[in-house]
Colleague: 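Attaching a single structure in structure tokens format; questions to follow.
Note that this is a predicted model, so its numbers are computed, not measured.
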Amino acid sequence: MIGKHALGVKPARHIRSATIAIFLNSLEGLLYRHLERRLARHVRDLLRRNYAVDLPRIVVEQPPQVELGEYALPLAFELAKQLRKPPRKIAEEIIAALGQLEGFEKFELAGAGYINARVNRAYVAAALAADQNPKVEIPPGKILVEHTSINPNKAAHIGHLRNAILGDTFVRLLHFAGREVDVQNYIDNTGVQVADVVVGFLHLEKKSRSEIEQLVRQPRFDYYCWDLYARVSQWYGQEKQNREARAQVLHAIEAGNDEIAAIADLISVAVLRRHLETMDRLDIKYDFLPRESEILHLHFWDAAFTKLKEGNVLFLETEGKNKGCWVMRRAGTTRATRQNASAEDAENGEVAEEDQKVIVRSNGTVGYVGKDIAYHLWKFGLLGRDFGYRKFYRYPNGHECWVSTTVGALDHPHFGGVAEIYNVIDARQAEAQNTVIEAMRELGYNQQADHYTHFSYEMVALTPRCAAELGYELSDEDKTRSYIEVSGRKGFGVKADDLIDTLISSARKEVDTRHPQLSEPERATIATQIAVGALRYFMLKFTKPSVIAFDFKEALSFEGETGPYAQYAVVRSTNIFRKGGLDPDTYLRDAACSVSIEDFAKYLMGESGNAIWELWLAASKTSYIIDQCVATTEPAYLAKHVFQLAQLFNTFYHQHPILTEPDESRKKFLLATAAVVRRELIRMLAVMGITVPPVM
RNA sequence: GGCCCCGUAGCUCAGUUGGAUAGAGCAGCGGUUUCCUAAACCGUUGGUCGGCGGUUCGACUCCGCCCGGGGCCUCCA
């Protein structure tokens, strides 16, 4: 629901050149992903027809150098044994049979039996300049992305930033792919973490409700809680009986109708607002905040419990250590247990003790996984209950964020009942997530389970050096580790707002020296854009399963493989047009299309055109890369590609002075090159949530 | 003990779901600014892809075993 389209640039409405217009109308697409699909389809048909072979997947890869073509098919190797012919011979035959294919120049035999395909560079470039991007089939149904989900009891830290940036970027990727998305941020406002801070205010600080009401209004109340939470954890360690305070508070919060519950609500709401402010600094916004308090008070669990019992997913353990608990089979123990068990055991749903997951404790209270099952049944519209909704937070840009409540507004957007869900949750919770999926499956909701994706990522830890810089005392063992885990409980970590502040002031210093003539607000805006660009890029450049060992030096870098590097490439392109007295977008719409097919061919074909063609080719891959990111749930590919494109552009920029180019048609072509790359970079950066300053 | 992730250049990481000569950034060394041009560019140093087997025409990639690091496995969330 946020930002219908993440596109930073509007597509050109019409094409000026009659030649190109006719050509483009006759085709379904000329950009990288369209050509790849067409090639694969063409080859598959040919293999069926001529060889009666049906390959499950036609592998299409990219040759090591652009000189060898744009696509490479290694399929002759695969067929060699089956057809009892040498690969080169097969490749030759296939090439002869391939004939003509729209958008392609020719097919060639290469190496030991590769079939390399060369596209018609001029046509592809013309299509890209005209921003041709034909509609592709978009799967129906709304998608729900859950991310951030920070316990509302302390300030957000760098680990939470990775979660939110990954989640928000994935939302933008889905938007780009044309999908409708709801963004949810689950709030555990009734758990032990909130209880702990409440204990801190009541037992350590001895604060009254009205005093807390005052404190809540201070600017960074979440920082106050950060320190208090760490002190409470220490306090629990001092005397065993201190922990009794937690149990009492927790119980009061769950019941939800006394002074303590009111204080807990006061605190968690205030911290939650702070989280929304922090994330909005990075342009991360939410549509709906489902809270655990409503899951409890609206009795979501009761509805889920009934279903789980009726579906024989849960059973009451009558002996052993889990006696008196409602348990289910732990994820990952699925078939083995069933097959090894006797038919009668399977009937009763009996599972070995070590394979059991307790869902309802023997005292009748439900655990976290149980509540999560109920919540996920709601997400798919399977629970038969709904939240109440009220407006909670209005962003400066007018976007409205809703929160769950027991009795809400009559008029509200519809949340839940979606077709697909993605949960951005760190890898440590993989087993819990799988247990929820397993419960859905056992309830017979296989289709929903298939569309339940745990968007798993690794944590952000600190390098020992970084930890030492922050003033933490390290044991000798810690010093030898490659990284040290952040701990909210110990108050050990880098707070999100602190990091953002540091980045902004660091960027600000540079902007001040480079552009002293700019006004104060202008410099502030640019510094913020650079800081956000650096931070978001930093969190996205690592692949999800890689632990980020956080280090200030790297995170604060604005050089090399960073967000500012890519932003700077765009600024350079913008500079060309500014100094040339042109507007890049207008130029693309009007002038670039006046570059004739012949001129595109002249400057892009052959040896001399290879280098610039490489740049055009990379620029034509936007939708291809984004498809890949969505299919693999890996935004890092986009970050890598943006950097590569920026790198190619910087090389181009260095080698080709454009404004002084004497040949008028060549100058037009070079300007079109700069404008196209600029447009694609802006687009992809927007998908990463990064904007580009006017100057840097 | 069981399950999951990681191991690639001095450091931090990519490696297109089995393909052509393993790539970036940082750090180091040496260069390039009257320019649309330095948050940049060029050159250069640097590799037993943790180890051993296996599958394959072909393995950094898949399988098995081992070594090293991390995580999860609680009537916590």
Colleague: Kindly indicate whether the side chain of A:Ser546 and the base of B:C6 share any N or O donor-acceptor pair separated by less than 3.5 Å?
Modeller: no

Colleague: Think A:Lys544 forms a cation-pi with A:Tyr457, using NZ or CZ under 6.0 Å from the six-ring centre and within 45 degrees of its axis?
Modeller: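 No cation-pi geometry.
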
Colleague: When you measure from the centre of the six-membered ring of A:Phe643, is the NZ or CZ of A:Lys541 under 6.0 Å away and within 45° of the axis?
Modeller: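 No, A:Lys541 and A:Phe643 do not form such a contact.
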
Colleague: Is any side-chain nitrogen or oxygen of A:Tyr637 closer than 4.0 Å to OP1 or OP2 of B:G15?
Modeller: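 Yes, A:Tyr637 has a side-chain N/O under 4.0 Å of OP1/OP2 on B:G15.
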
Colleague: With a cut-off of less than 4.0 Å, is there a side-chain N or O of A:Arg428 near OP1 or OP2 of B:C76?
Modeller: no

Colleague: Taking only N and O in the side chain of A:Thr632, is any of them less than 4.0 Å away from OP1 or OP2 of B:U17?
Modeller: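 No, outside the criterion.
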
Colleague: Between A:Asp196 and A:Lys154, does at least one N-O distance fall below 4.0 Å, as a salt bridge requires?
Modeller: no

Colleague: I want to check one thing: is the phosphate of B:G15, taken as OP1 and OP2, less than 4.0 Å away from some side-chain N or O of A:Lys640?
Modeller: no

Colleague: Output yes when at least one side-chain N/O atom of A:Lys81 is less than 4.0 Å from OP1 or OP2 of B:C57, else no.
Modeller: yes

Colleague: Within less than 4.0 Å of OP1 or OP2 of B:C76, is there a side-chain N or O belonging to A:Arg361?
Modeller: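 Answer is yes, contact under 4.0 Å.
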
Colleague: For B:G23, does OP1 or OP2 lie under 4.0 Å from any side-chain N or O of A:Gln644?
Modeller: no

Colleague: Say you pick atom P in B:U61 and the same atom in B:G15; how far apart are they, in whole Å?
Modeller: 14 Å

